[in-house]
Amino acid sequence: MHIAVAGNIGSGKTTLTKKLAEKYCWEPKFEDVEHNPYLEDFYNDMDRWSFHLQVYFLNSRYQQVLKIRESKQAIIQDRTIYEDAHIFAKNLNAIGHMTNRDYKNYLDLFDCMTQFIQAPDLLIYLKADIPKLQKQISLRGRSYENTIPEDYLTALNVHYNNWIENYKEGKVLVLDANSLDYENNTSDFEYVTSEVESKLKGLFATI
């Protein structure tokens, strides 16, 4: 079983991934942020490093998905390969930080890779407004994220909402992250787990 958690920067993906993994004894797979060789450079100079960053994420996520499908364990993944292409690379091209030539090259790689993978059995989308995202980003204290412009987050949200509205690859659960505190509020987390279990019912006899 492959569950994935999607959402904008600061939406609470990693926290939810950890909590669901602990509750259901799922194996968590996280985005490699701390060892990413391009991330800090990217936030300082998006024009220079956007293509490098997105290819790094694409390769990293592709390898991760291959391992997920080979595994005999239930796995929950923090962010999907689809977000890399349909949200982040698309947005960088739209706002002029990735050239049309680089974007086409990137999409060719993405299209080739996705022929060999399967979509998650359930995609959980954390929908969050800008104030929530900014608060969460501030709380986690990554210095390079302090320079993220508000309009960049806003543009990502637009792409996320469009993507989710047209997502046909599998089951989707949309959660309003603005009104949920599943990290500290037991009832909020119980609400999330009940929604997850409802979506998985019919896919699997037990979770």
Side-chain angles (χ1 to χ4, degrees), residues 1-18 20-21 26-95 97-99 101-126 133 136-137 140 142-145 147-148 152-153 155-156 159-160 163-164 167 169-170:
M1 182 168 61
H2 176 194
I3 312 301
V5 182
N8 205 340
I9 303 164
S11 60
K13 298 180 305 300
T14 300
T15 298
L16 184 59
T17 299
K18 288 177 179 177
L20 290 175
W26 293 339
E27 180 183 345
K29 296 289 185 183
F30 297 104
E31 193 172 35
D32 187 6
V33 173
E34 300 304 325
H35 301 99
N36 188 313
Y38 296 109
L39 200 55
E40 188 167 357
D41 288 331
F42 166 74
Y43 283 124
N44 290 323
D45 188 349
M46 290 185 177
D47 286 348
R48 171 71 177 85
W49 296 105
S50 63
F51 180 73
H52 302 74
L53 177 72
Q54 290 308 128
V55 169
Y56 175 88
F57 273 133
L58 183 64
N59 178 53
S60 174
R61 209 95 58 191
Y62 178 68
Q63 294 184 49
Q64 192 178 71
V65 173
L66 291 181
K67 291 177 182 177
I68 287 172
R69 284 301 174 181
E70 291 171 358
S71 174
K72 298 187 184 303
Q73 298 183 6
I75 290 175
I76 183 165
Q77 180 189 24
D78 179 349
R79 186 162 279 152
T80 68
I81 194 170
Y82 302 102
E83 291 163 86
D84 292 323
H86 297 304
I87 311 301
F88 291 92
K90 184 176 183 177
N91 183 60
L92 287 168
N93 174 249
I95 61 179
H97 290 308
M98 185 185 293
T99 66
R101 178 179 62 177
D102 284 347
Y103 184 51
K104 182 182 183 305
N105 189 9
Y106 174 89
L107 288 180
D108 287 344
L109 285 170
F110 173 77
D111 290 340
C112 181
M113 289 177 170
T114 50
Q115 295 180 56
F116 300 98
I117 63 172
Q118 291 176 278
D121 299 299
L122 175 63
L123 177 70
I124 303 170
Y125 172 50
L126 298 177
L133 298 175
Q136 294 290 100
I137 290 169
R140 64 191 186 189
R142 295 173 185 162
S143 58
Y144 55 82
E145 289 184 339
T147 60
I148 300 177
Y152 179 73
L153 293 174
L156 292 179
H159 289 300
Y160 262 110
W163 172 58
I164 288 297
Y167 183 81
E169 282 76 12

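- Between the side chain of Asn8 and the backbone N or O of Leu156, no donor-acceptor pair lies under 3.5 Å.
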Inset, instruction - Might you work through the side-chain contact (heavy atoms from CB on, under 4.5 Å) test for Arg61 and Met113, ending with a clear yes or no? - result: CA-CA 10 Å; Arg61 209 95 58 191; Met113 289 177 170; over 6 Å; no
Inset, instruction - Evaluate side-chain contact (heavy atoms from CB on, under 4.5 Å) for Val65 paired with Gln77, printing each intermediate quantity in order. - result: CA-CA 9 Å; Val65 173; Gln77 180 189 24; 3.9 Å; yes
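- Considering every non-hydrogen atom in both Ala4 and Thr80, the closest pair reads CB-CG2, 3.4 Å.
- Scanning both residues, Glu83 and Gly7, for their nearest heavy atoms gives OE1-N, 3.1 Å.
- Relative orientation of the Trp163 and Tyr167 rings is perpendicular, given thresholds of 30° and 60° on the angle between their planes.
- A pairwise comparison of heavy atoms in Ser71 and Glu27 identifies OG-OE1, 4.3 Å as the closest pair.
- Looking only at side-chain heavy atoms (C-beta outward), Asp84 and Tyr106 come within less than 4.5 Å of each other.
- The aromatic rings of Tyr125 and Tyr160 lie parallel to each other, with less than 30° between the two planes, well short of the 60° mark.
- Contact check for Phe30 versus Lys18: side-chain heavy atoms found under the 4.5 Å cut-off.
- Between the CG atom in Leu39 and the NE2 atom in His52 there is a gap of 14.5 Å [rounded to 0.5 Å].
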Inset, instruction - Under the side-chain contact (heavy atoms from CB on, under 4.5 Å) rule, what do Tyr62 and Phe116 come out as? Steps first, then yes or no, please. - result: CA-CA 9 Å; Tyr62 178 68; Phe116 300 98; 3.7 Å; yes
Inset, instruction - Test side-chain hydrogen bond (donor to acceptor under 3.5 Å, both in side chains) on Gln115 and Asp111 and set out the steps. - result: CA-CA 7 Å; Gln115 295 180 56; Asp111 290 340; over 6 Å; no
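- The heavy-atom pair separating Ile76 from Ala21 by the smallest distance is CG2-CB, 3.8 Å.
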Side-chain donor/acceptor pairs under 3.5 Å, residues 87-95, sequence neighbours excluded:
unit_1 : atom_1 : unit_2 : atom_2 : d
Asn91  : OD1    : His159 : NE2    : 3.4
Asn93  : ND2    : Met98  : O      : 3.1
Asn93  : ND2    : Asn100 : OD1    : 3.0

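- Going from atom OG1 of Thr99 over to atom CZ of Phe51 covers 8.0 Å, rounded to the nearest 0.5 Å.
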Inset, instruction - Decide yes or no on side-chain contact (heavy atoms from CB on, under 4.5 Å) for Leu58 and Phe110, but give the supporting numbers first. - result: CA-CA 7 Å; Leu58 183 64; Phe110 173 77; 3.8 Å; yes
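- Between Leu16 and Ile124 there is a side-chain heavy-atom pair separated by less than 4.5 Å.
- One finds the CZ atom of Phe42 at 5.5 Å from the CG atom of Leu53 (value rounded to the nearest 0.5 Å).
- Using a distance-only test at 3.5 Å, with no hydrogens or angles considered, no donor-acceptor pair links the side chain of Asp121 to the main chain of Ile3.
- A 4.5 Å side-chain heavy-atom check between Asn36 and Phe57 finds at least one atom pair inside the cut-off.
- Smallest separation of non-hydrogen atoms from Ile9 and Tyr152: CD1-CE2, 4.1 Å.
- Residues Gly10 and Ile137 come closest through the heavy atom pair CA-CG1, 4.0 Å.
- Atom NZ in Lys104 sits 10.5 Å away from atom CG in Leu109 (nearest 0.5 Å).
- A distance of 13.0 Å separates CD in Gln54 from CG in Asn105, rounded to the nearest 0.5 Å.
- Residue Lys13 holds its NZ atom at 10.5 Å from CD of Gln136, rounded to the nearest 0.5 Å.
- In this structure, the side chains of Ile164 and Leu123 come closer than 4.5 Å at one or more pairs of heavy atoms.
- No side-chain heavy atom of Ile148 sits less than 4.5 Å from a side-chain heavy atom of Leu133.
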